[in-house]
Engineer: 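Following this message is one structure expressed as structure tokens.
Here is how names work: the chains are called A, B, and so on, in the same order as the sequence lines, proteins then strands, and each is numbered from 1.
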There are 2 protein chains.
Amino acid sequence: MRILVADCSVEYEGRLSAYLPPATRLIMVKADGCVAVHADGGAYKPLNWMNAPNHLEEEDGRWVVTNPRGERLTISISHVHFESEMSMGEDPGLQKDGVESELQRLLAETPEVIEAGLSLVRREFPTPVGPVDLLCRDGEGDTVAVEVKRRGDIDGVEQLTRYLEFLNRDEHLAPVRGVLVAQEIKPQARTLAVDRAIGCVEVDYDVLRGLESATLRLF
Amino acid sequence: MRILVADCSVEYEGRLSAYLPPATRLIMVKADGCVAVHADGGAYKPLNWMNAPNHLEEEDGRWVVTNPRGERLTISISHVHFESEMSMGEDPGLQKDGVESELQRLLAETPEVIEAGLSLVRREFPTPVGPVDLLCRDGEGDTVAVEVKRRGDIDGVEQLTRYLEFLNRDEHLAPVRGVLVAQEIKPQARTLAVDRAIGCVEVDYDVLRGLESATLRLF
DNA sequence: AGTTCCATGTCGCGG
DNA sequence: CCGCGACGTGGAACT
């Protein structure tokens, strides 16, 4: 990785046009070639950047970075305060825990959290427009399609609507109703869901985990 | 801005849990207090971070960053290869040009570019599922809902479809038809739009600007 | 503060 | 390569 602190102005021409007047900034060039220009503030996002793959042309104080999509980043450097290059080796990468797939796994184990009397038929039940997260049956024996999201958004309602459209064409399953389950459901998503007679259930992730460990302790 | 290159492991506990095994990385602390841990690759996004506002507690090789939302970032530093602190002053900030809001503004001024005879009723016309970018009336006096996107995607068609569904329930407006306007419309979006009787119009951003400056020159 | 939508979103997966 | 969906999305604008 190469790091510079320099007085520079920057221009980007690509998906939009952007110009950055002269000032002191941090310029970072990573091993994969990606370039980022940081100010001393504004969270982790750089002011301007060019991701890999790209091509960097360097010529006395003028860097031109181009990529295959025809975008161009031009950095004009008037003064370098500091420069250093260091090798950092391969990174082992980030391990994550607590994303949607795990939420789905927990709900598949205890579907009665969604609604009393609900039991799982199948996870990732296939339809022509993609798999339904959970296909269940309720206490009346009717089919229920469950869409699981970490955050319930309008997109999730649209997705579930598409599934229901196809599921209800299957006479073995119909009538099928839908339930959107999420840690948090946005008001507009709720409005749309109610309008389409789709149920909304908010679940607490930690409670679910607690249920799981409680269940495990029984065995 | 403070910069370190150090051997470290990192843990994040908050919206999810994440762990980063020991390796050499760049640690950046900006003037606003935000902390970012970068590997030597993987675009501009840090592996782990904590945005401002936050509180950094530093104690022999162990940094604990917490924020008001109860999230916590822990950096365990085993060896520091390099460290530096420099002042960079205020940044004048980025000037952007060519984003959706400006496209919408230009189209609101000259809706006839979208379709001959079109006139603007209101920008950001509210519906229960979000505001329509431009509500217009055509030469026949019929209502037209216009969705403006920089890039016309399937999402844009879905969005416009939702608006139309609600607008057409309003007897004062119905019948309402829809037009998707973008600098570039993806083939699949076009297909879906045609299937739903939604119009597609591609506009050239530079031409629009030219029209504006031509109009301005008249006064 | 809460809510909405845009973004040079980025990133990963599957066809 | 394109499409689709998740993301600790982040960030700004508006209520």
Engineer: A:Leu94 has an atom CG; how far is it from atom C1' of D:dC7, in whole Å?
Structural biologist: 12 Å
Engineer: Just checking B:Arg209: does its CZ atom have more than 12 heavy atoms from other residues, nucleotides or ligands closer to it than 6.0 angstrom?
Structural biologist: yes
Engineer: Say you pick atom P in C:dT8 and the same atom in D:dA6; how far apart are they, in whole Å?
Structural biologist: 22 Å
Engineer: Starting from P on C:dT8, measure out to CD on B:Gln95 and report it in whole angstrom.
Structural biologist: 15 Å
Engineer: Might you confirm whether atom CD of A:Glu83 has over 12 heavy atoms from other residues, nucleotides or ligands at distances under 6.0 Å?
Structural biologist: yes
Engineer: Could you tell me how far apart B:Lys96 (NZ) and D:dA13 (P) are, to the nearest whole angstrom?
Structural biologist: 10 Å
Engineer: Is it the case that more than 12 heavy atoms not belonging to B:Arg62 sit under 6.0 Å from its CZ atom?
Structural biologist: no
Engineer: Send over the distance from B:Gln104 CD to D:dA13 C1', rounded to a whole Å.
Structural biologist: 13 Å
Engineer: Tell me whether A:Glu85 at atom CD has more than 12 heavy atoms from other residues, nucleotides or ligands lying less than 6.0 Å away.
Structural biologist: yes
Engineer: Categorize A:Met50 for me: base, sugar-phosphate, or nothing, with a 4.0 angstrom heavy-atom threshold over every strand shown.
Structural biologist: nothing
Engineer: Apply the test side chain to side chain donor-acceptor pair (under 3.5 Å) to residues A:Lys149 and A:Gln159: give CA-CA distance (whole Å), side-chain angles for both, the deciding distance (0.1 Å), then the verdict.
Structural biologist: CA-CA 11 Å; A:Lys149 292 278 177 215; A:Gln159 206 174 327; 3.1 Å; yes
Engineer: Starting at CG of B:Asp133 and ending at P of D:dC14, how long is that distance when rounded to a whole Å?
Structural biologist: 14 Å
Engineer: Strictly under 4.0 angstrom, non-hydrogen atoms only: write out the protein contact profile of nucleotides 9-15 of chain C, one letter per nucleotide from the 5' end, B, S or -.
Structural biologist: SSS----
Engineer: Report the residue (B:Tyr12 or A:Gln159) whose heavy-atom-nearest nucleotide on DNA chain D is the more 5′ of the two.
Structural biologist: A:Gln159
Engineer: Which protein N or O atoms sit under 3.5 Å from an N or O of nucleotides 1-4 of chain D?
Structural biologist:
| from | atom 1 | to | atom 2 | distance (Å) |
| --- | --- | --- | --- | --- |
| D:dG3 | O3' | B:Gln188 | OE1 | 3.4 |
| D:dC4 | OP1 | B:Gln188 | OE1 | 3.3 |

Engineer: For A:Glu90, does the CD atom sit with more than 12 other heavy atoms under 6.0 Å from it, leaving out its own atoms?
Structural biologist: no
Engineer: A:Lys30 side chain to A:Val35 main-chain N or O, any donor-acceptor pair under 3.5 Å?
Structural biologist: no
Engineer: Check every strand shown and say whether A:Asn48 touches a base, only sugar-phosphate, or nothing at a heavy-atom separation below 4.0 Å.
Structural biologist: base
Engineer: Mark yes or no for whether B:Thr143, through its side chain, and B:Leu173, through its backbone, hold a donor-acceptor pair below 3.5 Å.
Structural biologist: yes
Engineer: How many whole angstroms separate atom CG of B:Leu103 from atom P of C:dC5?
Structural biologist: 18 Å
Engineer: If only atom types and distance count, is the side chain of A:Tyr44 paired as donor or acceptor with the main-chain N or O of B:Lys45 below 3.5 Å?
Structural biologist: no
Engineer: B:Lys30 has an atom NZ; how far is it from atom C1' of D:dG11, in whole Å?
Structural biologist: 13 Å
Engineer: Can you tell me, in whole Å, how much space there is between the C1' of C:dC6 and that of C:dT10?
Structural biologist: 14 Å
Engineer: Does OP1 or OP2 of C:dC6 have a side-chain N or O of B:Lys149 closer than 4.0 Å?
Structural biologist: yes
Engineer: Could you check how far CD of B:Gln183 sits from C1' of C:dT8, rounded to whole Å?
Structural biologist: 12 Å
